[in-house]
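These notes are about the structure you will find just below.
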Protein chains: 2
Amino acid sequence: MARKTGSHSEITGPRVHAAAQRLFARYGYAAVSMRQIATEVGVQAGALYNYTPDKQSLLFDLMRAHLEDLLAAWRAESCPAPPLAALERFCRFHVRYHLDRPDEVFIAYMELRNLVPENFAVIERLRKRYETELETILCAGQAQGVFALEDVKLATLAVIAMLTGVTTWYRDTGRLSRNRVEMLYWDMVRKAVGA
Amino acid sequence: MARKTGSHSEITGPRVHAAAQRLFARYGYAAVSMRQIATEVGVQAGALYNYTPDKQSLLFDLMRAHLEDLLAAWRAESCPAPPLAALERFCRFHVRYHLDRPDEVFIAYMELRNLVPENFAVIERLRKRYETELETILCAGQAQGVFALEDVKLATLAVIAMLTGVTTWYRDTGRLSRNRVEMLYWDMVRKAVGA
DNA sequence: GTCTATAAAACGATAGAC
DNA sequence: GTCTATCGTTTTATAGAC
């Protein structure tokens with residue numbers, strides 16, 4: 001396992017992505033330079049290209065990893081349940097997951113337009129898959145008469161927008177605990193779907 | 001009123017702001033160059049500086065104008081009314097106004113982090129003023145027992161997030177008319193606040 | 001008021017030494 | 001794997017002719 005001095009591929013690679021994530025979330029993809037990322041990692045700009053073919057791939061990898069993790073986490077948490085219980089689980093999961101990963105979420109919602117068309121298509125497909133998870137729950141509840149929705153598709157988008165909005169204001173130092181925020185959002189969603 | 005050939009201050013000024021608005025909304029502030037804006041207007045880059053001291057002011061002026069117009073439009077439309085009627089008016093106004101001005105709205109929500117701190121403070125104050133308009137309605141309804149809210153502040157943010165989300169998916173060519181979208185959102189908000 | 005030209009700096013990305 | 005150095009381009013903003 002001997003390695004040359006200055007060789008740190010196993011640790012530098014993740015650090016590059018972590019730095020890009022932090023900076024993209026804070027300043028926006030287009031406003032962040034490769035030199036800034038390199039400085040944050042503690043290497044020179046040229047060294048970044050050992051870990052990414054270009055800046056675009058850095059953004060794409062972050063967004064894809066986030067959405068794949070999100071889907072995997074939901075499918076691990078989800079389980080067969082009546083619509084009302086499934087919806088509660090989804091709401092609380094969504095709020096919790098988004099509060100735990102503010103940078104990933106922020107990038108996924110803000111940087112779509114900075115993806116080249118080919119990458120955009122991949123990300124959009126993943127995002128749609130996640131939306132469909134909620135839509136399926138609402139559909140089932142509607143069919144069973146548990147929910148009272150005029151338009152299931154619009155309700156899906158409205159609920160996700162409402163829940164995701166938590167990331168724009170929640171601060172750990174604020175007056176509400178995460179658990180209380182989860183509960184308050186679930187309470188509003190439950191009423192909004194007519195349950 | 002004689003004017004020299006090539007002198008178009010009264011029309012070029014607004015055109016510069018209109019071009020910046022369109023391009024910032026589409027590609028993002030940081031990704032748009034002054035040259036792109038100039039090309040869109042049909043002048044050379046240097047000529048832009050007759051209408052704005054710099055790129056930052058272009059963004060700030062757009063955001064401030066949008067928020068001031070939004071507040072003025074709401075105050076013109078708003079009128080003393082019971083909380084339920086006031087809330088319906090607010091919801092329908094918000095959806096309609098946002099659908100009518102997708103570029104302004106998109107910039108106002110996406111480009112906050114590209115404002116220098118001094119400008120950010122001004123914009124945040126305006127945004128807060130608009131939020132307070134809704135919060136006041138919810139507070140009044142809560143006090144009168146018309147609404148059943150666990151947390152008025154969180155409900156305010158949740159409702160605004162839900163309504164604003166319409167801009168991310170609505171297309172004029174879609175299956176729903178604007179009026180129907182207004183109605184569907186109002187229906188969900190009404191239920192969400194427990195009215 | 002708009003143009004051409006340019007200053008001064010920053011950008012993404014690459015080459016080659018070590 | 002990281003460095004230094006740099007290529008070629010683009011950036012914001014300004015100066016001065018017309």
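Naming: A, B, ... by sequence-line order, numbering from 1 per chain.
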Is the shortest side-chain N/O distance from B:T12 to OP1 or OP2 of C:dT2 below 4.0 Å? yes
Establish, with yes or no, whether the OP1 or OP2 oxygen of D:dT4 is under 4.0 angstrom from a side-chain nitrogen or oxygen of A:Q44. yes
Rounded to the nearest Å, what distance is computed from the [atom1] atom of residue [X] to the [atom2] atom of nucleotide [N]?
| X | N | atom1 | atom2 | result |
| --- | --- | --- | --- | --- |
| B:I11 | C:dG1 | CD1 | P | 12 Å |
| B:I37 | D:dT10 | CD1 | C1' | 15 Å |
| B:L23 | D:dT11 | CG | P | 12 Å |
| A:Y51 | D:dT2 | OH | C1' | 8 Å |
| B:N50 | D:dT14 | CG | P | 12 Å |

Measure centre to centre between the rings of A:F60 and A:F120, then say whether the value is under 6.0 Å. no
If a protein heavy atom is under 4.0 Å from the base, mark B; if only from the sugar-phosphate, S; if neither, -; do that for nucleotides 12-18 of chain C going 5' to 3'. BBB----
Criterion side chain to side chain contact (heavy atoms under 4.5 Å, CB included) on B:H66 and B:M63, from CA distance to verdict: CA-CA 5 Å; B:H66 163 63; B:M63 293 181 73; 5.7 Å; no
Pairing of B:R26 and B:D103 as salt bridge, 4.0 angstrom limit: no
Pairing of A:E88 and A:R92 as salt bridge, 4.0 angstrom limit: yes
Start with the C-alpha gap between B:L70 and B:F93, add the side-chain angles, then the distance that decides, and say whether side chain to side chain contact (heavy atoms under 4.5 Å, CB included) holds. CA-CA 10 Å; B:L70 174 68; B:F93 165 81; 3.9 Å; yes
Answer yes or no for A:R101 and A:Y97: cation-pi contact, defined as NZ/CZ to six-membered ring centre under 6.0 Å and angle to ring axis within 45°. yes
